[in-house]
Every structure is written in C-alpha cells, then in structure tokens.
Trainee: 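Here's a structure for you.
Each chain gets a letter, A, B and so on, in the order the sequences are listed, and its residues count up from 1. Given the structure is predicted, the values throughout are model-derived calculations rather than measurements.
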Amino acid sequence: MALPAAFYERDTVTVAKNLLGCLLVHCEETGTTAGRIVEVEAYLRGDPAAHSYRGETKRNSAMFGPAGHAYVYRIYGLHTCVNVVTETEGAGEAVLVRALEPVVGLDLMQARRGTDDPLSLASGPGKLAQALGITMDLNGTSLRDGPLQVRSPANPPELRPEDIVQTTRVGITKAADLPLRFYLKGNRYVSRR
DNA sequence: TGGTTGATTTGCT
DNA sequence: GCAAATCAACCAC
C-alpha cells in the first residue's frame, strides 16, 4: 500500500534508510513494472552536491515542492533519474533512487532495457528509470496517488541497522566525502560495491 | 547569447 | 581503464 505523507515528512537520511525495501511501482497502459528499492542516496540542504544548492530553478523546482512527490531530471542528455522529495516543502531535500531489484513486469523491463540479465535491468539510476519507463512528465507528481508510486511491501521483512551499508555517494565531484549513500548489505542488485 | 556541465551507461582498448 | 553519446538548463559575459 502507498505510504502516508508523514513517512516523507521526516529528516531526509531517515527517509532514505526507510525507503530501502520499499517498492517503486509504475502503472501505465503498457503494463505495470515494479522493483524493490535496494540503493539510495540523500541530498540535503546546504549540500554542494545537491541540485538545490544554488536555490530554486526551473529544473529543480520539484525538489522544493511537497514531500512525497517525485523529482525527475535528465542527465547527460540521455539518462533519467528519479528522486523522492522529503522533509518539508521548500527544504530542497530529496532521496535519489539508485537501484531496484526487479519484482513485477520483468518482460517489459527486459524489452525496454534490451537485455535479459536481471542484474543489469535496474542496477543504476538511469537503468531503473529506463526499465520502469519513467519519463520527465512524472516530474512533480505525487508518489502516493500518481502513476508512479512508492509502496510498502505486503510482508515487510525485518530490516536491522546492520543490514544497511552507509558509504559515500557515487559520481559526484562536490562533497564526495559525505557518507549519504545507503544500500542493502549483500544485495546483488546495487549499482556497485 | 554562447560556452559549459553533469547525482550515467556502454562499448572498446 | 577511458572516452563517447547527447542536450536542456544553467551561468558568466
């Protein structure tokens, strides 16, 4: 089921850790695809690596919108990345979803990604967006009642603190030393170890 | 208004 | 290991 607004209206690191194990679901006419979130990164206020660092712009405006909505952006002209907006409206904080373990609609994901290897379907921010068919028109939409949703699994497995690895973020040049990346320990679908 | 830049992926050396 | 692909947004002039 969809998560309550209060889930997102907490400090971003807490939300990031609690998103691990949740499902990211995309429902559309073509079919439904979904995956379990196994890797995330937090982007905070005052964080030089965050898109919100220099204030609100046309591109990052969704990051300053209400918590529980999506911030979707395009990178390198060809890849799309998905964020979960957190904290309070105007904070400019979000969690980047970096990897999924494919759960629903594997055939559709394989067709979109052009590969059969389950380990390559969604093990990266650009890959998972492509696998789920996420496009820029989902930018700013609600993750609680829109076509793209975050849901709690039917039987949430118990997640202990020692099951989560905390380390530095991937692919950034600024604030590269901050330990704001989180992933499920030992999970084979994370983007890199 | 023009030059620069990525929260990436892929394929080739 | 490294470079290309590819473009909208951003920022300095």
Side-chain angles (χ1 to χ4, degrees), chain A residues 8 11-17 19-20 22 24 26 33 35 37-65 67 69-87 91-102 109-141 143 148 150 164-184 187-193:
Chain A
Y8 302 99
D11 81 89
T12 301
V13 168
T14 299
V15 177
K17 292 185 200 168
L19 279 172
L20 292 174
C22 290
L24 185 64
H26 189 204
T33 44
I37 298 173
V38 299
E39 177 183 350
V40 294
E41 283 177 2
Y43 287 87
L44 311 176
R45 192 167 11 187
D47 172 2
H51 287 173
S52 56
Y53 185 61
R54 294 172 189 269
E56 185 172 349
T57 65
K58 184 175 181 180
R59 178 175 78 151
N60 66 20
S61 64
M63 233 180 139
F64 290 86
H69 285 226
Y71 165 46
V72 182
Y73 68 91
R74 175 151 289 227
I75 188 78
Y76 297 109
L78 47 132
H79 299 294
T80 305
C81 297
V82 190
N83 291 251
V84 175
V85 179
T86 58
E87 243 273 333
E93 303 202 353
V95 175
L96 170 69
V97 181
R98 281 196 58 88
L100 302 177
E101 177 179 331
M109 294 192 204
Q110 288 168 355
R112 285 172 174 154
R113 290 276 303 124
T115 176
D116 287 347
D117 180 8
L119 290 174
S120 304
L121 287 180
S123 54
K127 295 181 189 176
L128 73 90
Q130 186 183 23
L132 294 204
I134 291 167
T135 51
M136 282 302 298
D137 48 87
L138 291 169
N139 187 33
T141 61
L143 294 169
L148 182 65
V150 175
I164 298 175
V165 178
Q166 176 170 7
T167 181
T168 52
R169 297 175 289 186
V170 175
I172 54 173
T173 55
K174 291 159 278 187
D177 55 321
L178 296 182
L180 293 173
R181 174 176 178 235
F182 305 90
Y183 64 86
L184 294 181
N187 191 285
R188 295 183 307 163
Y189 296 90
V190 301
S191 64
R192 82 173 175 83
R193 324 205 9 197

Trainee: Does any nucleotide pair with B:dA7 by Watson-Crick or G-U wobble geometry, both distances under 3.5 Å, and what is it?
Mentor: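 In the structure as shown, B:dA7 has no Watson-Crick or wobble partner.
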
Trainee: Compare side-chain N and O positions of A:Arg113 against OP1 and OP2 of B:dT10 and report whether any pair is under 4.0 Å apart.
Mentor: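 It does, given that an N or O in the side chain of A:Arg113 lies less than 4.0 Å from OP1 or OP2 of B:dT10.
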
Trainee: Students often get this wrong, so: under 4.0 angstrom with heavy atoms, is A:Met136 touching a base, only sugar-phosphate, or nothing?
Mentor: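 Answer is nothing: A:Met136 stays at 4.0 Å or more from every strand.
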
Trainee: Looking at C:dT6, which nucleotide sits across from it as a Watson-Crick or G-U wobble partner, both distances under 3.5 angstrom, or is there none?
Mentor: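 Paired with no nucleotide.
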
Trainee: Report yes if some heavy atom in the side chain of A:Pro102 is under 4.5 Å from a heavy atom in the side chain of A:Arg113; otherwise report no.
Mentor: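 Not touching, per the 4.5 Å side-chain cut-off.
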
Trainee: Any base atoms under 4.0 Å from A:Arg181, or only sugar-phosphate, or nothing? Heavy atoms, all strands.
Mentor: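 Touches nothing.
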
Trainee: Among A:Val95, A:Asn139, A:Thr86, which residue meets the side-chain contact (heavy atoms from CB on, under 4.5 Å) test with A:Tyr71?
Mentor: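 Only one option passes, and that is A:Asn139.
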
Trainee: Indicate, yes or no, whether a donor-acceptor pair under 3.5 Å links the base of C:dA8 to the side chain of A:Tyr73.
Mentor: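 Absent.
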
Trainee: Would you tabulate the pairs of protein nitrogen or oxygen atoms and nucleotide nitrogen or oxygen atoms of nucleotides 11-13 of chain C closer than 3.5 angstrom?
Mentor:
none

Trainee: Do the side-chain N and O atoms of A:Gln130 and A:Arg112 include a donor-acceptor pair separated by under 3.5 angstrom?
Mentor: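 On atom types as modelled, these side chains do not qualify, holding no pair under 3.5 Å.
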
Trainee: Does A:His51 put a side-chain nitrogen or oxygen below 4.0 Å from OP1 or OP2 of B:dA7?
Mentor: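 Yes, within the criterion.
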
Trainee: Can you check whether A:Leu96 reaches A:Val40 side chain to side chain, under 4.5 Å on heavy atoms?
Mentor: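 Side chain of A:Leu96 against side chain of A:Val40, heavy atoms only: no contact under 4.5 Å found.
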
Trainee: Side chain of A:Leu78, heavy atoms from C-beta onward: which of B:dT10, C:dT6, B:dA7 has the nearest atom to it?
Mentor: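 Minimum distance to the A:Leu78 side chain belongs to C:dT6.
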
Trainee: If you look at every strand shown and take non-hydrogen atoms under 4.0 Å, does A:Arg59 touch a base, only sugar-phosphate, or nothing?
Mentor: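 Result for A:Arg59 = sugar-phosphate.
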
Trainee: Expressed as a whole number of angstroms, how long is the span from A:Tyr76:OH to B:dA7:P?
Mentor: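 Rounded to whole Å, this separation is 6 Å.
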
Trainee: Is A:Asn83 reaching over with its side chain to a backbone N or O of A:Val85, donor-acceptor style, under 3.5 angstrom?
Mentor: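 Side chain of A:Asn83 to backbone of A:Val85, a donor-acceptor pair under 3.5 Å: no, none is there.
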
Trainee: Does A:Gly55 offer a backbone N or O that forms a donor-acceptor pair with the side chain of A:Asn60 under 3.5 Å?
Mentor: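 At least one qualifying donor-acceptor pair exists.
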
Trainee: Quick one about A:Thr135 and A:Asp137 (side-chain donor to acceptor, distance below 3.5 Å, no hydrogens or angles considered), yes or no?
Mentor: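 A:Asp137 vs A:Thr135: donor-acceptor pair found between side chains.
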
Trainee: Using the six-membered ring for Trp and the full ring for Phe, Tyr or His, decide whether A:Tyr43 stacks on the six-membered base ring of B:dA7 (centres under 5.5 Å, planes under 30°).
Mentor: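 One would call A:Tyr43 stacked on the B:dA7 base.
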
